[in-house]
Structure formats: structure tokens, C-alpha cells
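Hydrogens, waters and symmetry mates are skipped; everything else that's a heavy atom, side chains included, is used.
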Amino acid sequence: MARLGGLVRLTHPFPSLLDGGATLAIALLAGGRPFDALRLGAAMVALQASIGTINDLVDVPRDTGRKPGKPIPAGLVGPTTAAALALIAAAVGLVLSLPSGLATGVVAVAILAVGLLYDLWLRGTAWSWLPFALGIPLLPVFAWLGATGRVPELFLVLVPTAFISGAGLAIANALADIERDAEAGVRSVARHMGPAGAWTAHAMLQATVVAVAGASLLGAGAGIPLLLGAAGATVVLLAGVYLARSASAASRERGWELEAIGTALLAAVWIAAVAPVAG
């Protein structure tokens, strides 16, 4: 059971399942069939699980002695098994994407490529925010394209806003790990900017996302239920932004998780409002 738990933890289940759930919701909002939406959600979980597993493989030298509870340093999962898991998860994600067409498969490959860009090259550098900023917009594109075979013009607003959101989430993630990165000699974006500067920059990015989402919802004539949903999502997101200032690494980790959840909820509400217009 301990080894099974190690395999599950190796896949980074929180972001993987969150992204899969967001993909499922967006595909349904786009008008996709339930089976197709479920398939696309499962594909996203598998793609993110592969990226997360590779991240842990790459981080083994850094984690040894510093994060003994992680599956590979703890001896629960061997590197060979982890590599096999990453390959199988990537293959499953791509196979589940292809029934929606070649274009959806290409987006799936792009998602993997952006994840590898982070894992193999930009992790622990001042540019670590870039894969997040590139990857977050690919999620709604993957879900909508996979469900309908096209991307609506309204994504011209969503995609750049998602880019900003991804950058903010990346900095929040780096803030959560700033002490461990300093101990390991890693020059992350948060260390490059300093804790205060990184928090301020990421708070401004998230405030921009909230402002654009609110203006879009009002412009689309969203009803009271959707506006209340957006308000609730914003409260969750901003609670995460507040926790990101904490002196406690555990609190900052919870803050990053809340920001991710709030962002996903806000995106779902925004898409629910514009979906009827997008057709």
C-alpha cells in the first residue's frame, strides 16, 4: 500500500486532478458529449501525471536529504519504475486525445512539450514562470477544441488572460518553495525577484485576471448566479494570494493551491457565461 501511495503521489495528484476536472467541465460547457468530455478529462489527468512524474525524476538529486518524504528519495518508487510510469501516462494521454482529431492531438503534444520545458530546462530558473504561462491557456483550448472541433473567437480574450494567470500561479508556486530552493542553491523566479517583489508581482497579475474576468462577465450580460459564482471564485483566489505572504512554507503551499482552485472556478464561470455566445 505504501508503494501504491508513492506511485499516486509521484503523479502530483492535486494539479493533475484539478486540471482534469477543469477540462471535463469546459468540454461539457462547450456542448461536448459526456463520454467525450470524460475522455478528454482523463487525457488531461494522464498528461499532467506524466509531467509531474518527470518533475520528480529530475528533482531526485535536489530532493535527496531535503525532501525524504517524496516517493523516490523515500525508496517507495525506483527511478526505472517512475520513468515507465511517465511514459505510460504520456501515451495514455495522447491516445485518449486522438479520437477528437489531429488538431486536439497536436495540442496534447504541445502540453507535454511545455511540461518538459519546465521539468528539464526552466525548473529552478528565473524563467520558470514561462511554461506555466504557456501551459494554462492550452487547457481550455484542448478542452473546447476536443469537444467541438473548433476554438471560438471569444478565446481571443481568454487565452491572453490565461497566460497572465499562469504567470501568477508560477510565481506563487515558487514562493511556496523559496526556502527549499535557497537551500538547494536554485535560482527560482521568486528568489530572483525577492519574496516581497515576487508577492507583489503575482498579486498584480492575479488582480488583472480578476478584473478582466469581471469585465467580461458584465459585458456578456451574466446573470446573478454566475456573478455570485465568480465572486466566490474570486474570494478563494484572493485568499490564496493573501496566504502567499505568510512566513510559513506550509501556509504558502496552501495559498498556491487555493489560487489554483480559485482560478479554475473563475475560468469555469467565465466559460459558462460566454459558452452560449460562442455557440
Side-chain angles (χ1 to χ4, degrees), residues 12 14-15 18-19 22 48 51-52 55 59 62 111 114-115 117-140 156-217 230-231 233-267 269-270:
H12 293 215
F14 170 73
L18 181 63
D19 287 352
Q48 296 300 328
I51 293 167
N55 182 276
D59 279 352
R62 183 183 306 158
I111 290 169
V114 168
L117 177 67
Y118 176 81
D119 289 343
L120 301 179
W121 290 287
L122 298 185
R123 168 78 167 92
T125 73
W127 289 94
S128 59
W129 60 272
L130 184 59
F132 278 79
L134 293 173
I136 295 296
L138 289 175
L139 189 152
L156 292 173
V157 176
L158 176 63
V159 167
T161 305
F163 181 93
I164 295 170
S165 175
L169 287 173
I171 299 174
N173 188 36
L175 275 169
D177 284 335
I178 195 167
E179 291 92 356
R180 289 191 291 258
D181 286 341
E183 184 182 353
V186 174
R187 190 70 174 171
S188 69
V189 62
R191 290 195 65 211
H192 180 77
M193 301 176 71
W199 184 87
T200 300
H202 112 280
M204 291 177 65
L205 290 169
Q206 297 292 37
T208 300
V209 170
V210 170
V212 172
S216 298
L217 288 169
T234 298
V235 169
V236 173
L237 194 160
L238 294 182
V241 172
Y242 174 78
L243 285 176
R245 294 193 71 174
S246 173
S248 164
S251 294
R252 294 197 305 274
E253 183 74 19
R254 299 293 83 75
W256 173 78
E257 292 172 353
L258 285 175
E259 287 188 48
I261 293 170
T263 298
L265 292 173
L266 190 58
V269 171
W270 188 90

- Non-neighbouring partners of Trp127 that pass ring pair (Phe, Tyr, Trp, His ring centres under 6.0 Å), sequence neighbours left out: Trp129

- In terms of heavy-atom contacts, Ile171 and Ala201 come closest through CD1-CB, 4.5 Å

- Query: Can you name the side chain to side chain contact (heavy atoms under 4.5 Å, CB included) partners of Ser188, sequence neighbours left out?
  - Reply: Ala174, Asp181, Ala190, Arg191

- Minimal non-hydrogen separation, Ala126 against His192, with atom names: CB-CG, 3.9 Å

- Task: Output all residues satisfying side-chain hydrogen bond (donor to acceptor under 3.5 Å, both in side chains) with Arg254, sequence neighbours left out; order by chain, then residue number.
- Result: Glu257

- Note on the structure: With sequence neighbours left out, the residues meeting side chain to side chain contact (heavy atoms under 4.5 Å, CB included) with Ile136 are Ala162, Leu169

- Query: Taking only residues two or more places apart in sequence, or in another chain, which ones meet Ser216 in a side-chain hydrogen bond (donor to acceptor under 3.5 Å, both in side chains)?
  - Reply: Trp270

Please set out all donor-acceptor pairs under 3.5 angstrom arising from side-chain atoms of residues 239-246, sequence neighbours excluded.
residue	atom	partner	partner atom	Å
Ser246	OG	Ser248	N	3.0

- Message: According to side chain to side chain contact (heavy atoms under 4.5 Å, CB included), who are the partners of Ala249, at least two apart in sequence or on a separate chain?
- Response: Glu179, Arg252

- With rounding to the nearest 0.5 Å, note down the distance linking CG in Asp19 to CG in Leu138. 11.0 Å

- Residues two or more places apart in sequence or in another chain: which of them pass side-chain hydrogen bond (donor to acceptor under 3.5 Å, both in side chains) with Glu253? none

- With sequence neighbours left out, what residues match Asp119 under side-chain hydrogen bond (donor to acceptor under 3.5 Å, both in side chains)? Asn55

- Task: Return the minimal non-hydrogen interatomic distance between Phe132 and Gly166, and the atom names on each side.
- Result: CB-O, 3.2 Å

Without placing hydrogens or testing angles, list every side-chain donor-acceptor pair under 3.5 Å for residues 258-265, not counting sequence neighbours.
residue	atom	partner	partner atom	Å
Glu259	OE1	His202	NE2	3.3
Glu259	OE1	Gln206	NE2	2.9
Glu259	OE2	His202	NE2	2.8
Thr263	OG1	Glu259	O	2.7

- Ser128 side chain to Thr125 backbone, donor-acceptor under 3.5 Å: yes

- Contacts satisfying side chain to side chain donor-acceptor pair (under 3.5 Å) that involve residues 158-173 (not counting sequence neighbours) are none

- Task: Could you tell me which residues satisfy side chain to side chain contact (heavy atoms under 4.5 Å, CB included) with Ile164, sequence neighbours excluded, listed by chain and number?
- Result: Leu205, Thr208, Val209

- Query: Say you draw a straight line from CH2 of Trp199 to CD1 of Ile178; how long is it, rounded to the nearest 0.5 Å?
  - Reply: 14.5 Å

